[in-house]
Amino acid sequence: MRKRIFEIIQIGQRGDLPSTAFDFFIVANITLNLLAMFLETFSELEKLYPLFTGIEAVTVIFFCIEYVLRIWTADLLYPGLSRRRAVGKFLLSYDGIVDLLTILPFFYLSGFIVFRMLRVVRIFHLFRINAQYDSFNIIVKVLAEKKNQILSSLFIILVLTMASGVGIYNAEHNAQPDVFANAFSGIWWSVSTLLTVGYGDIYPITVIGRIMAIIIAFLGVGAVAIPTGIISAGFVEQYSKNQNSDRSFTDIKKIGEISASEENGLAGLTVQEIEQKYDMRVIVLLRGELTLITSGELTVMAEDILVVNSDKLINN
């Protein structure tokens, strides 16, 4: 029975009808909980506050039951650990901490009521599908692959923000000592100008300040476009990789083999250089008794056999 309960409460068991029903039940539970919390903020619905409190109490009870069941079946989640260590690992895991923080505020941590919003994180656990088609996984991959470029662009934005904040402070402090009281006021203005259209609470009135504002506003458009372009290019690259990886051999209508040698100029080139130079796609590389899955940086050696897909190759 414990094993069956474990299978049911595991999120994403798409072939198991009770598990799928449990997933939908959890989604409905989370939605009701958040809706009750949302409606409690309207003073016009004060008469319904007891109803909202009751809904929240019932949904939290279900959260508690689920939390206890996950502790009870923790050793099935971590089969290589003892029961005590498995429970400890679950309690300290991301899911265990989030589950606990969504329950405790209802009882006595009223000062930490913001933790209730962490319940919405649990919804995303329901989207555990095959990694090849998981859109959330693609986002993580793009951010991981482009992290160096993104960090570099964010550093540029940080430097630009600091420089523009100090500059506008020096230009406007004498004219508006109450508005631009310190350098932080200038940084607040520069952030709202660089990353948005400005809030209008702080703005320059001197000629030099307004000239700086014009320049900073144009620079802000480019500064925001840099990380946006990097991430967009990453999504395009990841989509292309997924498209190529989804192709099966039955989809390839034109395929051939080329023996690499010094004479035909293929030996010594990388796979990426060959694909770009000869407009072909290298599927696999045969080297002796080895079959190599090709990557762009793999260097082709003499007597390697390239299995390629190319219209030019077949036509010629």
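As a basis for the values below, the full set of heavy atoms in this structure was taken, side chains included, without hydrogen atoms, waters or symmetry mates.
Hydrophobic clustering (side-chain heavy atoms under 4.5 Å, transitive across Ile, Leu, Val, Met, Phe, Trp, Tyr) keeps Leu51 apart from Val58. Put simply, Leu285 and Met301 are part of two different groups of oily side chains (I, L, V, M, F, W, Y) that touch within less than 4.5 Å, one to the next. Linking Ile, Leu, Val, Met, Phe, Trp and Tyr whenever their side-chain heavy atoms come within less than 4.5 Å puts Phe180 and Ile216 in one cluster. Both Ile202 and Ile215 sit in one connected hydrophobic cluster of ILVMFWY residues. Membership requires side-chain heavy atoms under 4.5 Å apart, directly or through other members. A single hydrophobic cluster is not seen to contain both Ile30 and Ile55; linkage of ILVMFWY side chains at heavy-atom distances under 4.5 Å, directly or through other members, places them apart.
Under 3.5 Å, the side chains of Glu7 and Ser19 contain no donor-acceptor pair of N or O atoms. If you check the side chains of Asp23 and Thr20, you find no donor sitting under 3.5 Å from an acceptor.
With rounding to the nearest 0.5 angstrom, the CG atom of Leu143 is 6.0 Å from the CD1 atom of Ile231. One distance of note links OH of Tyr278 with CG of Leu266; it measures 5.0 Å at 0.5 Å rounding. One finds the OG atom of Ser259 at 7.0 Å from the CD atom of Glu303 (value rounded to the nearest 0.5 Å). Rounded to the nearest 0.5 Å, atoms OG (Ser190) and CG (Leu160) are 8.0 Å apart. Between atom CZ of residue Arg70 and atom CD1 of residue Ile5 there is a gap of 12.0 Å, rounded to the nearest 0.5 Å. For the atom pair Thr291 OG1 and Ile283 CD1, the distance stands at 12.5 Å (nearest 0.5 Å).
The two residues Ile226 and Ser153 come nearest to each other via the heavy atoms CG2-CB, 3.4 Å. Among all heavy-atom pairs drawn from Thr59 and Glu56, the shortest one is OG1-O, 2.8 Å. When all heavy atoms of Ala171 and Met212 are compared, the closest pair comes out as CB-SD, 4.1 Å. Considering all non-hydrogen atoms of both residues, Met280 and Val308 come closest at SD-CG1, 3.7 Å. A pairwise comparison of heavy atoms in Asn174 and Pro177 identifies O-CD, 3.8 Å as the closest pair. Shown here for Tyr49 and Ser43, the closest heavy-atom pair between the two residues is OH-CA, 3.6 Å.
In this structure, the side chains of Val87 and Leu91 come closer than 4.5 Å at one or more pairs of heavy atoms.
Side chain of Asn182 to backbone of Ser185: a donor-acceptor contact under 3.5 angstrom is found. In this structure, Glu172 contributes its side chain and Thr206 its backbone to a donor-acceptor pair below 3.5 Å. Checked by atom type and distance alone, the side chain of Arg2 pairs as donor or acceptor with a backbone atom of Trp72 at under 3.5 Å. Distance alone, capped at 3.5 Å, places no donor-acceptor pair between the Tyr169 side chain and the Phe184 backbone. A donor-acceptor pair under 3.5 Å is absent between the side-chain atoms of Thr161 and the main chain of Val191, judged by distance alone.
In the displayed structure, Tyr203 atom OH is contacted under 6.0 Å by at most 12 heavy atoms of other residues, nucleotides or ligands. Atom CD1 of Ile208 has 12 or fewer neighbouring heavy atoms from other residues, nucleotides or ligands inside a 6.0 Å radius. Annotation: Arg85, atom CZ; neighbour count of heavy atoms from other residues, nucleotides and ligands within 6.0 Å does not exceed 12.
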Begin with the C-alpha distance, continue with both residues' side-chain angles, and end with the deciding distance and a verdict on side-chain contact (heavy atoms from CB on, under 4.5 Å) for Val271 and Val300. CA-CA 7 Å; Val271 170; Val300 176; 4.3 Å; yes
Under the side-chain contact (heavy atoms from CB on, under 4.5 Å) rule, what do Leu48 and Leu39 come out as? Steps first, then yes or no, please. CA-CA 9 Å; Leu48 298 178; Leu39 295 177; over 6 Å; no
Walk me through whether Phe62 and Asn33 qualify under side-chain contact (heavy atoms from CB on, under 4.5 Å). CA-CA 11 Å; Phe62 285 121; Asn33 189 283; over 6 Å; no
Could you go step by step and tell me if Leu151 and Phe155 meet the side-chain contact (heavy atoms from CB on, under 4.5 Å) rule? CA-CA 6 Å; Leu151 289 176; Phe155 178 75; over 6 Å; no
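By the 30° and 60° cut-offs, the orientation of the rings of Phe90 relative to Tyr67 is tilted. The aromatic rings of Phe38 and Phe42 stand perpendicular to each other, their planes meeting at an angle above 60°, with 30° marking the opposite boundary.
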